[in-house]
Structures are given as structure tokens and as C-alpha cells.
Amino acid sequence: MSKRKSKETSSVNGECISQVQRILRERFCHQCPNGKLFGVQLQYKHLLELLKRTTIHGESNSALIIGPRGSGKTMLLNHVLKELMEVKQVRENLLQVHLNGLLQTNDKIALKEITRQLQMENVVGDKVFGSFAENLAFLLEALKKGDRDSSCPVLFILDEFDLFVHHKNQTLLYNLFDISQSAQTPVTVIGLTCRQDILELLEKRVKSRFSHRQIYLLNSFDFKQYLKIFKEQLSLPTEFLYKPFTQKWNKNVQSLSEDRTVQDVLRNHFHCSKDLRSLHMLLMLALSSITVSHPFMTGSDLLEASKLYRMDSKANIVHEFQKFIQRKAHSMYNFEKPVVMKSWMRLQHFNFSFSSSESLSQKRSMVDKLC
Amino acid sequence: MNTRQQCKRIYSWVGRAKSSDQQLKTFQYRGVLIKSERSLTEMCILPGEFVLVEGENADQPFVAKLLKLYEDGSQEKHAVVQWFSRITELPLNKRKLLQREVSPQEIFLDKGPGYDTDINVETIIKNVKVIPLAPEEAVPVRSNGKQIFFVKESWDGKCFKPLSPGLLSELKEAEKKKRVGSPSPLTDCQVFPSDFICSLKTETDRVTRSTMKTKNFQMEIESRHSASKSSLSKERHSQRVANGINTPGARKKLQLNSPTKSRNKLTGCDVLELLVDDCDALEALEPSATKRTVTFTEILGSPPKISRTNGEPDSPLSIRGDWSKLAETIRISPYRRGQDSSLKAKNLDGKDDDTWHLNSRNEEEETEERTRESRRTTKQAATSKSNSKSDTNLAEEQELKTRSPVVIPRSHRKCVQKTTARIAEQLRFLNISEQDQEDDYLPSTDCSDSSSSEEEESMVPSTPKRKTRSSTKLSTPKSSRKPSDTTPAKTPRNASEPRTPKTPRNATPKIPIRNQATEKPANVLEEARLRLHVSTIPGSLPCREEEFQDIYNFVESKLIDGTGGCMYISGVPGTGKTATVHEVIRCLQEAVENDELPSFQFIEINGMKLTDPHQAYVQILQLLTSQKVTATHAAELLAKLFSTPGPKRKTTVLIVDELDLLWTRKQDVMYNLFDWPTQKQAKLIILAIANTMDLPERIMMNRVASRLGLTRMSFQPYTYKQLQQIISSRLNHIKAFEEDAIQLVSRKVAALSGDARRCLDICRRSTEICEFSSQKSTSGLVSMAHVMKAIDEMFSSPYINSIRNASLHEQMFLKAIIAEFRRSGLEEATVQQVHLLFFFKTWTLAFVLIV
């Protein structure tokens with residue numbers, strides 16, 4: 001039935017489908033702050049209030065956002081910042097410094113980055129980028145100069161916070177937290193991390209200076225909510241250009257969520273991992289099967305996508321291999337010894353061999369035996 | 001320090017011991033001879049001269065006046081000095097008391113206690129020129145590189161005072177003595193103030209005679225001089241008659257002309273003339289001694305002067321002494337002086353333009369007014385001894401004049417109006433051209449009556465006077481006359497002031513200023529939250545009284561003794577170690593301000609804020625002397641600084657926070673830090689702060705630990721009662737918490753860590769929670785429930801929650817691991833076993849579900 005419908009409207013739908021795919025892909029891939037937040041309203045409110053107090057009252061704070069990967073930590077922060085930036089008073093005052101533990105692998109680089117982002121590097125010529133020690137002294141001096149009432153609040157966002165913990169002496173963290181605990185320039189330090197034991201990684205005096213505000217994001221929803229999220233993620237916005245198509249698409253999504261097979265697929269997925277990013281991946285795969293001739297997602301699409309998603313590459317290789325040896329034309333004895341040797345090595349490379357600890361000579365002997 | 005390294009100097013006494021003290025076994029000497037090894041030059045320094053003394057900073061040696069030289073029993077050469085302080089040596093917060101820009105060449109007589117005035121002779125670098133200035137004088141800007149200092153005010157540790165006239169004259173004597181004495185160092189210059197008048201007279205005589213020979217211009221005056229030199233007053237009178245000028249300013253113009261113009265050349269004849277001027281000045285009894293310095297400097301190079309000074313060095317000195325006394329008496333009536341000066345401002349204007357443009361015309365005018373003037377001045381027939389009295393009289397007279405400006409001729413005023421602009425231009429030019437010649441200017445306003453006219457005339461071009469006037473004008477708030485109001489704008493002083501360049505070197509960047517002001521706390525909870533923030537510095541530190549007292553006593557006793565020492569302070573984080581130490585320092589600084597303790601220098605380093613332990617040296621040196629050098633060099637300099645008996649050293653209090661971070665494999669940083677205070681001369685007090693109680697035993701080598709000593713203190717974690725007290729003292733009667741809530745927080749925190757920071761954070765968080773749920777709670781106070789919630793948030797382990805929220809397979813896997821642990825009884829398992837169990841569990845679960 002749907003096929004016939006699609007044939008009728010195919011001429012109109014060509015552009016429409018590409019629009020749909022663009023919108024949904026954007027939603028799945030980017031952590032765009034336009035998207036919706038699920039089940040983190042409390043955390044959102046907490047963080048928003050915290051940052052508002054920093055920017056408006058000049059109160060120093062520190063907080064950690066902790067949650068497993070894909071639980072929406074960065075998205076939460078982006079949402080909060082977006083809302084914060086709508087306040088004029090905040091927009092004009094707030095200075096932001098974004099650091100990432102994967103990029104700023106030591107304190108020296110981090111300090112340079114902070115100086116750069118605070119746009120202080122050209123204040124005294126090139127003197128700033130002198131030695132590490134000078135740099136630190138310079139930055140501390142600069143931050144010390146300010147006070148609560150007069151200087152701009154600075155927001156430090158440390159992504160992959162757990163990697164900063166491994167810096168020597170945790171100098172950067174100590175100093176940031178120390179500033180946040182003393183009457184200097186108002187700063188707020190927000191750390192994003194996926195490690196639950198982050199507090200144990202902090203040194204005791206760094207820990208003491210941290211305010212112990214922890215915002216947990218734990219994907220604490222059940223399957224019903226999961227279904228709802230699925231529905232919302234797949235639905236098209238009502239302001240979408242092609243109204244009739246939007247209605248049809250949304251109706252289809254609704255029926256999908258009630259479909260038994262779809263629910264099974266999703267439940268399977270839900271039991272494997274609860275994070276939304278994996279759901280997005282699944283939906284991405286399903287979305288790619290949408291074409292002009294096949295404009296609406298079906299249960300089988302999702303099933304196929306789920307299979308693709310959960311496919312084990314190693315099992316695949318074994319499967320291929322089985323197929324290969326079952327073919328009559330090829331017998332093992334037809335191959336040269338080096339070829340067998342090479343293929344064995346490759347298998348080992350794929351971690352098939354359980355004897356990885358054995359030396360090369362042993363492997364040779366094994367191959368010899370095989371031959 | 002650098003200079004010292006570069007060239008060695010050899011010190012030897014001049015002559016034999018002058019006198020000896022049997023009891024103390026000391027020998028006093030007349031002077032010291034400094035021989036520089038490299039340049040092979042010899043320098044002779046006598047007591048009374050100003051010297052540069054080696055200090056911490058090689059670029060900025062100390063300035064002192066040498067008072068006495070002696071050798072003690074152990075053959076060490078000592079010197080007793082009077083210290084002078086540069087502006088950079090004064091505490092920052094006191095500098096603003098001056099309320100003016102201070103040139104780097106200005107120094108202050110240091111009367112404050114705390115500096116050892118007995119120094120080693122070998123720290124003396126060389127002699128230096130110091131010129132005393134009267135309070136009204138501006139410090140001239142000097143372009144040439146020669147080091148000359150100016151002293152104007154004294155500093156007694158609390159406030160600045162202008163040099164008292166007695167002191168000023170004393171300093172001037174020293175100055176003079178140096179100049180006179182330097183060609184023949186062994187002349188013993190003594191002051192005989194008794195024969196003041198007599199010497200004055202002879203001086204006048206000689207001068208008059210010499211001028212008659214040299215200068216035609218002054219013939220008329222001089223003849224009058226000789227005619228009436230029986231007494232000073234008469235002479236003055238006669239002069240006035242001769243000059244016959246209606247106002248003091250206008251009178252000057254005639255005589256001023258030629259000396260001013262010929263000044264730049266300094267021919268022998270001019271020098272003589274200047275000499276005359278100088279002596280004339282003496283006659284006029286004007287206490288502007290510094291101006292005379294000007295003349296002397298210029299005379300110095302000319303032969304006639306030297307012969308004269310050698311022959312009779314005493315008289316000018318003595319005169320000077322009396323003048324300053326005179327100046328003192330005059331200062332009694334500041335109000336009048338104010339009037340006076342403003343009047344003068346006007347008069348000087350007239351004088352100046354006359355000087356430059358209207359010579360001939362004025363001469364004609366003067367004849368008319370001469371009579372009037374002379375009549376007026378006859379009243380002043382007084383002897384030199386009663387001169388002060390006459391001065392005050394004159395001041396009154398001047399006042400009268402100001403009230404009735406009719407006395408001033410109209411033509412003058414016209415002149416003023418016409419030529420003010422041109423004068424300004426010329427003066428500026430003049431000022432620039434003469435700056436390198438003149439050492440100084442002195443205000444003549446101290447007794448600016450008609451009697452000073454001669455002196456002024458003789459002295460100088462109009463520039464310095466203008467300067468002076470403007471400065472006096474600025475200091476007299478009562479005068480409100482128009483002409484004087486306009487004058488400061490065109491004075492060269494104003495033009496020269498902004499010339500001192502501001503060094504951009506010290507510019508530190510800062511976080512930009514916010515556009516909107518921070519919002520004030522709107523309600524009780526916000527107010528409470530603000531007060532509970534750790535950054536808020538409380539007025540007092542409760543619960544650490546004992547520790548505070550111990551540290552205070554330790555530092556205070558060391559300060560009073562002038563010795564050094566170490567103290568080790570330990571305690572877990574958040575027990576108020578750093579806060580207490582800072583409080584101690586604050587109290588000590590207050591005590592210093594109240595003059596209860598000798599002043600000290602406070603510096604602080606933090607191990608965590610250093611990138612490398614060796615950076616500690618750099619930071620300490622930078623904080624001490626604001627030098628920036630590399631770590632190794634800094635270590636050398638510091639070692640030298642603390643091991644050599646440095647003069648004028650204050651006690652240094654050094655706080656080393658997070659001491660354990662200064663650990664290196666060789667422990668040289670710690671060793672040095674704790675070794676310095678043991679040096680006798682170091683005067684270094686170290687307060688080391690760290691977390692672990694047994695840090696010295698655990699990580700320090702024996703030699704380091706033994707130097708640290710056994711003065712230790714450990715901060716115990718706060719008990720719940722103390723925490724309760726801290727919270728309530730911070731809240732300070734703001735009713736935001738229920739009593740039980742506070743108790744709950746403090747008990748919880750005390751049981752867990754005793755960390756005050758934690759306690760305050762929990763309280764802050766509970767105010768937030770309370771605010772969110774304020775609709776429900778009726779009282780608006782933070783209750784037990786809110787506190788409980790906050791505590792849960794902060795202390796609850798996230799693990800249970802995260803396991804509960806894990807997906808089914810994740811939970812199964814954990815279950816499998818536990819099952820395997822239980823089965824084997826070991827806390828480790830192979831992946832294979834766990835995997836098997838995991839599958840088994842999954843299948844059973846699936847089976848159960850199906851059934």
C-alpha cells in the first residue's frame with residue numbers, strides 16, 4: 001500500500017526525502033543544542049542556576065558532570081550555555097575557556113590555551129609565551145588581580161576531566177580550584193568526565209578545594225521512556241515544509257512504535273546499552289535505507305539496521321572462511337607455504353589465535369604442522 | 001651585587017686613628033679610602049658625606065649619610081650611617097600618603113626604627129651627591145646620567161614630614177662641606193655660628209669691592225653698598241632707595257637682566273658676579289639655601305671660588321645655619337604667606353615681562369614710585385637679629401597691599417595682560433636650556449618682602465621663581481586671586497612634570513572589567529550563601545585561637561630579636577592552616593603600623609603554584625627585590641643575600657605553602673630554605689605548611705630535617721562544635737538556618753573529615769536546595785531535610801545508583817562476576833569463566849521469561 005502511495009507522490013518527494021534525511025542526520029550526529037533533553041531536567045536546572053550565580057552574582061563555583069559515554073554531558077552543558085547566552089547581562093560579561101583533556105595533554109599546553117582563549121597573549125608582547133613557570137605566574141597574577149565585583153567571571157570547561165588528573169602534581173586543577181575558593185576573579189570550573197571514581201583520583205588538597213558538586217547523568221529511564229524517546233527522535237518537526245508528508249511520516253513513526261517487531265528490536269537494543277548515542281546509530285542505519293521509492297521506515301528496516309549494528313566482524317570472517325573452505329574447487333594443499341603463513345599471521349592480527357603469547361618460532365612450527 | 005663581583009675594592013683608613021674609645025676598644029677615623037682594583041682610582045670618603053651602600057638589588061644601592069667611621073677590636077671596619085630611603089623601599093600602601101608623583105631621584109630621610117645603622121665599611125660603594133630641598137621646591141628633572149639624589153621629606157615609618165629647618169640646614173652643611181672639603185679632605189670643617197654678623201659684614205665688603213672692579217652695571221648699587229654698610233638694615237634700606245621699585249617683583253627686573261642673560265656662558269667675570277649675587281643673598285637674609293647650592297655648583301669649577309672657600313670656609317655655613325632658623329620662625333604664619341605668595345604671583349608676572357620686554361620703560365616709571373617705596377621700607381629698619389620680626393611685619397604689610405591693589409601701578413598690570421602668553425613660551429624655553437645647569441630651585445616666598453628683592457635679583461633668571469611660585473600657590477588654599485589662578489598653566493613645572501615616563505615594564509594584564517555590576521544578594525538565603533562562601537574572609541578566625549597565639553608569639557619573638565627561625569605547620573586540608581597564618585601576618589602588620597614591632601617584609605610562595613621546585617628561588621627573589629633571573633642565578637643571589645651581613649635589612653617572613661611539593665631528589669631547595677634562617681645575618685623567618693605531620697621524617701634527609709628544627713604545630717581536624725561555631729560566626733546572626741540543621745552539618749562533616757571547606761560547601765548547597773523548594777517549606781529557613789539532601793548529594797557513592805541504572809546486559813555481567821567470585825572464593829576470575837557464567841545466566845533468564 002505504501003508503495004503505491006509513494007509512486008503517486010514520488011515526483012514531489014524527491015527533494016522532500018533528502019530534506020528529511022538532512023534534518024534527522026543532523027539530529028543524530030551533531031550534539032546540537034536545538035535538540036531536546038530527556039530526563040535531565042533537574043540536572044539542567046541545577047547547572048543553569050549555578051552558572052547564573054557565577055555570571056550575575058560573581059560567585060565562584062566548581063562542579064563535575066559525571067556520566068557514562070553518550071549520556072549527554074556535553075549536550076546538557078551546551079543547552080545550559082545556550083540559554084545562558086540569551087541573557088544580555090551574561091552575554092556581555094562571561095568569558096569562556098574550553099579545554100579538552102585529549103588536546104591539552106599537559107599543563108603547559110593548557111596554560112597557553114587558557115591565555116589564548118582569554119585573549120591576554122598580546123598584552124605584554126610575546127613575553128607571555130615564555131617559560132612554563134613564567135606563564136603560570138602570569139596567569140595567576142592576572143586572575144588574582146580581579147575581584148568579585150568588578151571583573152568578568154570566567155567559565156572554565158574541562159572536557160575529559162579525568163585526563164587532567166594525570167598532569168604533574170595536578171597543578172592546573174589545584175590552581176583553578178584554589179581561585180574558585182578564594183576572593184579573586186570569579187571563576188566556575190566545570191569538569192566533564194565519564195569516570196565514576198573521579199573524586200578518588202584527585203589529590204587530597206585538590207579534592208578539598210573542589211566544592212563537591214557532582215551532577216550525575218545516568219540514563220535513568222525505563223523502556224517506555226525509551227520508546228518515547230525513539231518516537232520523538234524520529235518525528236519530523238511540525239514546521240517542516242511539506243505538511244502532508246510530515247503528517248504521514250509522523251503517523252508512520254507512531255505505528256512503528258506500536259509494532260511488535262520494532263519493539264522487540266528496540267528492547268534488545270535497550271538491554272544491550274541504554275545510551276542514546278547507540279540509538280542514534282541504529283536510527284542512522286535505518287534512515288539510510290529510506291529512498292524515494294521507499295519513503296517510509298518499516299520494521300524490517302530497523303531489524304536490518306539492528307543486525308548491521310550488532311554484527312560481529314570476527315564472526316563474519318569465520319563465516320566467510322567456512323564458506324571458502326566448503327567450496328570444492330579449492331583444497332588447502334594447493335597453496336604455497338608462505339601464503340598459508342601470511343594468512344595465519346593475518347588471522348592472528350584479527351585476534352583469532354588464542355596463542356598470542358607464543359613466539360614466532362612456535363607459530364612457524366604450528367603452521368608447519370598444519371601444512 | 002653585580003658591581004661587587006665585577007670589581008673588587010680595597011678599603012683603607014685615611015690617616016691615623018682620630019680618637020679611640022678604651023672601653024669599647026674602638027678607634028675612630030677621619031675617613032676611608034676606597035681603591036678600585038680595576039680602574040685604579042681612589043676615592044676618599046669622609047663622615048658627613050653621602051654614600052651608596054650595597055643592597056639586595058644591585059641596580060638600586062641604598063643611600064646613606066656617613067656619620068662615623070671606626071674600627072673595632074677585631075680589626076673590622078665599621079661605619080655608622082643615617083639611612084635614606086628611596087621611594088621603592090617604602091611600603092606600597094604608604095606611598096600614597098605623599099599624594100604626588102615622586103621622581104626616582106628623590107629620597108627620604110629614614111627616621112624609622114628597625115634598620116641597623118652600623119654597617120660594614122666594605123659595603124660602601126662610593127660617595128654620591130644628595131641635595132636637600134625645602135618643602136616647597138620641586139624636584140628638578142635631570143637629564144644627565146650622573147647620580148644625584150634629592151631629599152625633601154623625612155619618613156618615620158608612619159608618615160612623611162618635610163625636613164625640619166634645622167635638619168635641612170644640617171644636611172646643607174654636609175652638602176657644602178663635601179664640596180668645600182673635597183679638594184682637601186683633611187680640612188676639618190666646623191661650624192661657628194656665633195660670629196654670624198661679623199662674618200657677614202666682611203663678606204659683604206669683599207664682595208662689593210670685587211664687583212666694583214668687574215662690573216660697571218652694578219656700580220651704582222655697589223657704591224651705595226659701600227656707603228652704607230655700617231649695619232645691615234641700613235644697607236638694605238639704602239639699597240631699596242637706590243633701586244626704588246614699587247613692588248618687590250618689579251624691582252627685580254632691572255638687575256635681573258644682565259645676569260640672566262650672561263649666565264649660560266659662565267665666564268670668569270660671571271662667576272664673580274654670581275659670587276656677588278650669592279653674598280648679596282646673604283645680606284638679604286633669605287633662607288633659600290638651596291639656591292645657593294646652585295650658585296656654588298657653578299662656581300665650583302672656577303678658580304676664584306676655590307681660593308676663596310679655602311681661605312674662609314666658615315662664614316657661609318654659619319650664615320646658612322641662621323637662615324634656616326629664620327625660615328622656621330617665618331613659617332609660623334602660613335596664612336599670611338599664602339596671601340603673600342599670591343600677591344607675589346602677580347608681581348612676578350609684572351617683573352618677568354619687564355625683564356624681557358620693558359626694561360627701559362620701567363626705569364622711567366620707577367623713578368616716580370621710588371619715593372613711595374622708600375618711604376614704606378624705611379619702617380623696616382631693623383637689625384639682622386630682629387629680622388624675623390620684621391619679616392612678619394612685612395608679611396602683614398604685604399597683606400595690606402593685597403587688599404589695596406592700588407599700590408601696584410596700572411602699567412604693570414597691563415603688561416601682564418599683554419605678554420603672559422609670550423612669557424610662558426620663553427620660560428619654557430629657558431627652563432629647558434637651563435635644566436642641566438641648575439641643581440635646584442628654592443622658593444623665595446619664605447620671606448618674600450621687599451628685603452628679598454636683592455637676593456632674588458641676584459640669584460637667577462625668572463624661571464625657577466615661577467616654578468616656586470606655582471608650587472607655593474598650589475599649597476595655599478586660601479588665596480583665590482585671578483592672576484595666580486592662571487599662572488600654573490603656563491609654568492614650566494607643569495610642562496616638565498609629565499615628562500617622567502611611566503615604565504610599562506610592570507604592566508600586568510588582568511581580566512577585563514565586567515560591564516554590569518554584580519547583583520547584590522536579594523534575600524536572606526542569598527546573603528547567607530555569600531557569607532558562607534569559602535572565599536569570604538571572615539573578620540575573625542574562630543576556633544584557632546590557640547594555634548594563632550602560638551604562631552604569633554613565635555614570629556613576634558623572632559621579629560623582636562631580629563633573628564631567624566623555622567616553623568613547620570601541618571594538618572589535613574581544610575583545617576585553616578593558611579588562613580591562620582595569613583591572619584597572624586595581618587595582625588603583625590597591624591602591630592608594625594602601630595609601631596609595636598619592627599617592620600618586616602612578608603612574602604609567600606606556594607609549592608603548588610610553582611612549575612618546578614627550583615622556581616621557588618626565582619619567586620622569592622622576585623618578591624624580595626623584583627629582579628627576574630633564572631633559577632640557578634636566583635639561588636646564588638639569594639644565598640649571597642642571606643649569608644652576607646647586608647645593611648638595612650628588614651626581617652623577612654616567608655610562608656612556604658605546600659612544602660612537600662618542593663621535594664627534589666637532592667632536596668637542595670628544602671635544604672637551602674631551612675639553612676638560610678640559621679645564618680646569623682639572614683633575619684629570615686620561615687613558616688612551612690604541609691599536610692602530613694611526619695613529613696620531615698618521611699621525605700626529608702636528616703640534614704634537612706634537623707635544620708627545620710622541632711618547632712612544629714599540627715592543626716587538628718575541626719570538631720563538630722568548632723564547625724558549628726564557624727558556621728554561626730560566618731552567618732553572623734542572619735537567620736537562614738535552623739539550629740538543628742547547622743548541628744547536623746557539622747556533626748556529619750566532623751565525622752567524615754573535619755574539613756571546614758566541605759562544611760561550608762554543604763551549607764551553601766542546602767541553601768540552594770531550600771531556595772528551589774521554598775514554595776513548600778513555610779518558614780523559608782534551611783531545615784534538616786534540605787541539609788540531608790545536600791549531604792546525600794555530596795557524600796553518597798555514585799556506584800549503587802549507576803549500577804541500578806545500567807542496562808540489563810551490563811547488570812548481568814556484573815552478576816556473573818560476583819557469582820564467579822563466590823564460586824571460586826577468590827577475588828579474581830578469568831574472562832572465560834565469567835563469559836560462560838554470563839551466558840548461563842542469560843539463558844536462564846531467557847528461560848524464565850519464556851516460561
Side-chain angles (χ1 to χ4, degrees), chain A residues 45-46 49 56-60 66 68 89 92-93 95 107-108 118 120 123-124 128 131-133 136-138 140-143 145-146 148-154 169 171 174-175 178 180-185 196 204-205 207-209 211-214 216 218-220 270-274, chain B residues 504 507-521 526 529-530 533-537 572-574 606-612 615 618-619 622 628 631 658 661 691 753 755 757-758 761-762 764-765 768 771-772 793-795 797-799 801-802 804-810 812:
Chain A
K45 208 174 165 193
H46 185 179
E49 285 299 316
I56 294 169
H57 296 287
E59 187 182 298
S60 292
I66 304 170
Q89 199 182 353
E92 283 172 6
N93 290 327
L95 300 170
D107 283 349
K108 191 176 177 179
L118 287 177
M120 295 193 299
V123 177
V124 277
V128 180
S131 69
F132 180 27
L136 180 67
F138 170 83
L140 289 178
E141 180 77 6
L143 288 171
K145 278 267 153 40
R148 196 180 71 86
D149 295 323
S150 63
S151 24
C152 277
V154 187
N169 288 344
T171 310
Y174 177 92
N175 285 313
D178 196 49
S180 82
Q181 296 262 316
S182 55
Q184 300 178 1
T185 308
Q196 309 277 347
K204 58 179 183 294
R205 42 198 155 196
K207 194 178 167 185
S208 165
R209 279 166 175 80
S211 73
H212 280 65
R213 281 164 199 273
Q214 301 150 68
Y216 285 102
L218 288 170
N219 298 325
S220 53
F270 177 72
H271 285 323
C272 257
S273 94
K274 280 168 102 176
Chain B
T508 45
K510 56 181 179 188
I511 303 296
I513 306 254
R514 56 186 299 150
N515 293 330
Q516 281 95 15
T518 47
E519 276 181 20
K520 293 277 167 284
E526 281 180 16
R529 198 179 308 137
L530 186 70
H533 198 280
V534 186
S535 69
T536 318
I537 298 157
V572 291
N606 188 324
M608 268 294 201
K609 292 180 180 171
L610 303 171
T611 51
D612 177 88
Q615 287 293 324
V618 181
Q619 286 241 332
Q622 200 188 343
K628 258 193 172 175
E658 317 289 0
L661 266 297
N691 288 135
S753 61
D755 188 337
R757 286 197 190 105
R758 196 71 327 100
D761 280 335
I762 291 174
R764 230 149 50 85
R765 178 71 189 129
E768 283 167 26
E771 206 169 24
F772 285 141
E793 257 182 38
M794 290 211 175
F795 288 118
S797 159
Y799 301 125
N801 219 349
S802 62
R804 201 169 281 153
N805 284 313
S807 71
L808 188 67
H809 286 271
E810 288 160 354
M812 295 283 265

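In what follows, chains are A, B, ... by sequence order, proteins preceding strands, each numbered from 1.
At a 4.5 Å heavy-atom cutoff, the contact between Asp178(A) and chain B is made by side-chain atoms alone. With a 4.5 Å cut-off on non-hydrogen atoms, Ala806(B) touches chain A through its backbone but not through its side chain. Proximity to chain A (any heavy atom under 4.5 Å) is restricted, for Tyr799(B), to the side chain, taken from C-beta onward. If you measure heavy-atom distances from Leu136(A) to chain B, the contacts under 4.5 Å come from the side chain alone.
With contacts defined as side-chain heavy-atom distances shorter than 4.5 Å, the pair Asn805(B)/Asn219(A) does not qualify. Inter-residue side-chain proximity for Glu49(A) and Glu771(B) is flagged as unmet; no heavy-atom pair is nearer than 4.5 Å. Residues His271(A) and Ser807(B) fail the side-chain proximity criterion, which asks for heavy atoms closer than 4.5 Å.
Residues passing the ring-ring contact (aromatic ring centres under 6.0 Å, His included) test with His212(A), sequence neighbours excluded: Phe210(A).
No donor-acceptor distance shorter than 3.5 angstrom exists from the side chain of His533(B) to the backbone of Glu59(A), with no hydrogens or angles considered. For Lys609(B) (side chain) and Asn175(A) (main-chain N/O), no donor-acceptor pair under 3.5 Å exists by modelled atom type.
The candidate with the highest count of non-hydrogen atom pairs below 4.5 Å against chain A, out of Asp612(B), Asn801(B), Val618(B), Ile762(B), is Asn801(B). In terms of heavy-atom pairs under 4.5 Å with chain B, the best-connected choice from Lys45(A), Arg213(A), Gln214(A) is Arg213(A). If you tally non-hydrogen atom pairs under 4.5 Å between each of Arg765(B), Gln622(B), Gln615(B) and chain A, the highest count goes to Arg765(B). Counting heavy-atom pairs closer than 4.5 Å to chain B, the top residue among Ala137(A), Pro68(A), Ala133(A) is Ala133(A). By number of non-hydrogen pairs under 4.5 angstrom with chain A, the leading residue of Met812(B), Glu768(B), Arg804(B) is Glu768(B). The residue among Met794(B), Met608(B), His809(B) with the most heavy atom pairs within less than 4.5 Å of chain A is Met608(B).
Of all heavy-atom pairs spanning Ser535(B) and Ser182(A), the tightest one is CB-C, 3.2 Å. Taking each heavy atom of Gln196(A) and Ser802(B) in turn, the nearest pair found is NE2-CB, 3.7 Å. Pro573(B) and Lys204(A) make their closest contact through CG-O, 3.9 Å (heavy atoms, listed as atom of the first residue, atom of the second, distance).
With values rounded to the nearest 0.5 angstrom, Ser208(A) atom OG is found 6.0 Å from Arg758(B) atom CZ. A distance of 10.5 Å separates CG of Leu610(B) from CZ of Phe132(A), quoted to the nearest 0.5 Å. The distance from the CG atom of Asp755(B) to the NZ atom of Lys207(A) is 10.0 Å, given to the nearest 0.5 Å. Put simply, OG1 on Thr611(B) and CG on Asn169(A) are 10.0 Å apart, with the number rounded to the nearest 0.5 Å.
At a cut-off of 3.5 Å, with distance as the only test, no side-chain donor of Asp761(B) or Ser211(A) sits close to an acceptor on the other residue.
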**Request:** Before giving the answer on side chain to side chain contact (heavy atoms under 4.5 Å, CB included), spell out for Asn606(B) and Tyr174(A) the whole-Å C-alpha distance, their side-chain angles and the decisive distance to 0.1 Å.
**Result:** CA-CA 11 Å; Asn606(B) 188 324; Tyr174(A) 177 92; 3.3 Å; yes
